[in-house]
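Remember, predicted model here, so these are calculated numbers, not experimental data. Every chain is numbered from 1 and lettered A, B, ... according to where its sequence line falls, protein lines coming before strand lines.
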2 protein chains.
Amino acid sequence: MEKGFVIGLKNGQQSRSMATIYEVAKEAGVSPKTAARILAGSSSRPKNKELVMAAAKKLGYVRNQQAANLRSGKSGLIGLIIPSITSPFYPWFFQTIHDTALAKGYQVLLSSVSGGHSEVVKALQMMEANRVEGLLFNMSEWDDKESLEILNRFVERKQPVIVGGTNLGKIQADEIVIKNIEAIEKATSYLIKTGHKKIAFISGPQAALGNRERLEGYRNAMDKAKLMVKDGWVCEGTGEFVEGLDLAKTLLRMSDRPTAIVCATDLIAIGAMKAAQEMGLSVPNDLAVTGFDDIPWAKLSAPSLTTLRQPQNRIARETVNLLIERINSKDISNPRRLVFEPDLIIRESA
Amino acid sequence: MEKGFVIGLKNGQQSRSMATIYEVAKEAGVSPKTAARILAGSSSRPKNKELVMAAAKKLGYVRNQQAANLRSGKSGLIGLIIPSITSPFYPWFFQTIHDTALAKGYQVLLSSVSGGHSEVVKALQMMEANRVEGLLFNMSEWDDKESLEILNRFVERKQPVIVGGTNLGKIQADEIVIKNIEAIEKATSYLIKTGHKKIAFISGPQAALGNRERLEGYRNAMDKAKLMVKDGWVCEGTGEFVEGLDLAKTLLRMSDRPTAIVCATDLIAIGAMKAAQEMGLSVPNDLAVTGFDDIPWAKLSAPSLTTLRQPQNRIARETVNLLIERINSKDISNPRRLVFEPDLIIRESA
DNA sequence: ATTTGTTTTGACATCGTTGTCAGTTTTAGT
DNA sequence: ACTAAAACTGACAACGATGTCAAAACAAAT
């Protein structure tokens, strides 16, 4: 059956398969290569250009990107692996990555890994199979041999990889570093400066490096101010709102209850504020609360949340730019660290 | 230069390009076809299987998906076009689509279109060029000739398309229908039932069909109850929080201010509540507020928001399932409508 | 041992595009 | 008009995988 022409279907309807460059060339009366060149935008005799453009339009020609990629050895894809697009922070992160990449001619292949280790491995394999030209690997909780192996394969092949949140020096790649310790120190010190002495901390899962660092920042600040951290004042949650609510209630029920809570995420903090309100305590008078991330909610909550702002846009933009630079220069030597320090945004909650 | 082997680089480092099936076959001492077959999992002589598996492992072979796709005429891709992943509702929508598609062997190619019409066209062209096997087109504001043309090309080629939020019967495709009118009627009637007579409405951009329907629902309910809609009680915003805040303030400054506001989105509603609080009014005593979407915030806000829940998970799951069914059956005749009616979730704000 | 039937195998072609490079046309300069 | 330089064109091969189909290897049965 000749290609690109009407073919019959069971139900008697008709359909066209997509036209190829050969058909366009034939229709225009030029060679396929010429047609391809013209459609790719390089210069040509005006007449041919007209002919080819007309033919392409007539046949509804759309370049087959997969074939083009195969031939040219590029995929035009950037891989992005993140924990879950549903956790605040990531949608903005993705949007900026997407837009920046698009502007430079790249598509983003997103894997939002909600499951465990095997899901990460699957995502990485998929990225490999789809020949992404660069990879942003942004898993906060991760230390799995199999995926490490795959990441190392990328590096061996000199394919750029940027790791966020978790590298630990295990692979020789660029890193996004958030100054968690310093940030939480800032928030804690601020509370101390405003007179608080009994300050508790609700952390996220300690399996994640970032969360361990945040806890460290809290302890540092308390140590520096020679303040005691009472038993039970440090509690570990999942980073979810509900958890924040429950843990805060437990804290507030203590006989000698803390007057301030430093929270490892904004969601926890909002949960903690809700807990206080449900128990009839006023924020910030009876309880001061700080968060981390500055998710959009933070300024909408009542009271609005004092928090540490992660400049997602800047992080995302600089990260993609570095990645694309790496792709273009074909040089992944001398791994860089993109360091970001969250700013303390003072609002009503503390 | 022989492929798959060490090649020199400027900086003296070395790199391997990815091994192909030919190299695996050579290493294993079988034909490429046999290697391919074994790697695809079909039966073979045990000895060959061992040899090929060993060779693949040794060379770090990863199938080139693009090449495989080209040959097999499938892309394994589902396209998803949405307005912006940063607006609440979509991250969950995407995650469910992503997970469901993955479970059935499809990857999701996401275009989060933050710009105007030309961006939509670009996204559609990209989806076409990448030969997505099915397309979920979920733009709420949209009536642009060029993109319509592309969508129609999909349909002519019998490639499944599911349109959400906006079809208007312009193309013959499956549709996701949210019963906006009925939903807002429910919320408005509920307010009326609880004694409110002066009820205002803050809508999203009327360019979007969904927003026009929501306004219609409000008017219907008011009409049915024979309640007057005063001049200025219906205002149009962008759907953003800030807009909700400002418009609500304007409403509340009116001499004869409304006692309740029906909002077209949760963000608007949260803004409206904040406006009331800033003006010293209590929600729900001085002002009742209802939202739309039931974004996660809705139940965290203070007071928690009475709203209309869109079952994103169910919508997403049923949509992908239909799409994949269409892909497999190669039959896009008899367009279906997936109809969803939001539930009224009564919380504290009304 | 021979035949028949079944399962595996591999040479070749192909998917749609583009790089290479020699050949052709056009342009510019005299 | 003629020549050299510049611009464009097209035949061919290749990217990496897999479908086709005939040939080969094995198994079962006589």
Side-chain angles (χ1 to χ4, degrees), chain A residues 1-5 16-52 55-56 59-77 128-131 133 157, chain B residues 1-5 16-53 55-56 59-77 128-133 157:
Chain A
M1 186 175 326
E2 204 168 355
K3 288 209 39 211
F5 287 86
R16 259 167 216 282
S17 66
M18 276 210 183
T20 71
I21 194 107
Y22 281 89
E23 290 153 18
V24 174
K26 195 174 172 189
E27 173 82 24
V30 298
S31 80
K33 186 71 232 260
T34 300
R37 255 187 301 244
I38 290 172
L39 290 167
S42 78
S43 66
S44 65
R45 252 143 248 176
K47 202 175 78 182
N48 281 345
K49 185 162 182 176
E50 262 176 49
L51 285 169
V52 170
L59 300 179
Y61 172 78
V62 179
R63 168 188 292 106
N64 183 328
Q65 199 58 53
Q66 313 235 17
N69 290 343
L70 175 59
R71 181 65 246 247
S72 62
K74 309 194 164 177
S75 68
L77 291 175
E128 247 185 328
N130 281 87
R131 298 297 191 267
E133 295 180 40
R157 280 185 236 112
Chain B
M1 184 176 325
E2 206 171 352
K3 288 208 41 209
F5 288 87
R16 261 163 213 282
S17 66
M18 274 210 185
T20 71
I21 194 110
Y22 284 87
E23 290 152 19
V24 173
K26 198 174 168 189
E27 173 80 24
V30 299
S31 80
K33 186 69 233 260
T34 300
R37 254 187 300 241
I38 289 173
L39 289 166
S42 78
S43 68
S44 65
R45 250 147 249 172
K47 202 174 80 183
N48 281 345
K49 184 160 183 182
E50 262 176 52
L51 286 168
V52 169
M53 288 314 219
L59 300 178
Y61 173 79
V62 179
R63 169 187 290 107
N64 184 327
Q65 201 58 54
Q66 313 233 17
N69 290 343
L70 174 59
R71 180 64 244 250
S72 65
K74 310 198 161 171
S75 68
L77 290 175
E128 248 186 324
N130 280 87
R131 300 295 192 268
V132 296
E133 294 180 40
R157 281 186 237 111

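The shortest heavy-atom contact between Lys49(A) and Ser44(A) is CB-OG, 3.7 Å. Closest of all the heavy-atom pairs between Val24(B) and Val52(B) is CG1-O, 4.0 Å. Listed here is the closest heavy atom pair of Tyr61(A) and Leu39(A): CE2-CD1, 3.5 Å. For Ser75(B) against Gln66(A), the heavy-atom pair with the smallest separation is CB-NE2, 3.2 Å.
Distance CE (Met18(A)) to C1' (dT17(C)): 15 Å, rounded to an integer number of Å. Regarding Asn130(B), its CG atom lies at a distance of 15 Å from the P atom of dG16(C), rounded to whole Å. In this structure, Glu23(A) atom CD and dC15(C) atom C1' are separated by 13 Å, rounded to whole Å. Rounded to an integer number of Å, the gap from CD of Gln66(A) to C1' of dC15(D) is 13 Å. The separation between Ile21(A) atom CD1 and dT9(D) atom C1' is 14 Å, rounded to whole Å. One interatomic measurement links the two molecules: CG of Asn64(A) to C1' of dC15(D), which rounds to 13 Å at whole-angstrom precision. At whole-Å resolution of the value, NZ in Lys74(A) and P in dG16(C) are 23 Å apart. One atom, CD of Gln65(A), and another, P of dG16(D), lie 17 Å apart when rounded to the nearest Å.
Phosphate proximity of dG10(D) to Arg37(A): absent, as no side-chain N or O sits under 4.0 Å from OP1 or OP2. OP1 or OP2 of dG10(C) sits under 4.0 Å from a side-chain N or O of Ser31(B). A close approach under 4.0 Å does occur between a side-chain nitrogen or oxygen of Tyr61(B) and OP1 or OP2 of dA17(D).
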Would you please test Asn64(A) and Thr20(A) for side-chain contact (heavy atoms from CB on, under 4.5 Å) and show each step?
-> CA-CA 8 Å; Asn64(A) 183 328; Thr20(A) 71; over 6 Å; no
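Taking every heavy atom of residues 43-52 of chain B and every atom of DNA chain D, pairs under 4.0 Å involve Arg45(B), by number.
Counting heavy atoms from C-beta outward, Asn69(B) and Arg131(B) have side chains that stay 4.5 Å or more apart. Side-chain contact between Lys33(A) and Arg37(A) is present, with at least one heavy-atom pair separated by less than 4.5 Å.
In terms of position along DNA chain D, the nucleotide closest to Ala35(A) lies nearer the 5' end than the nucleotide closest to the other residue of the pair Pro32(B) and Ala35(A). Take the nearest nucleotide of DNA chain C for Arg71(B) and for Arg131(B): the residue whose nucleotide is more 5' is Arg71(B).
Distance from the side chain of Leu70(B) is smallest to dG16(C) among dT17(C), dG16(C), dT9(D).
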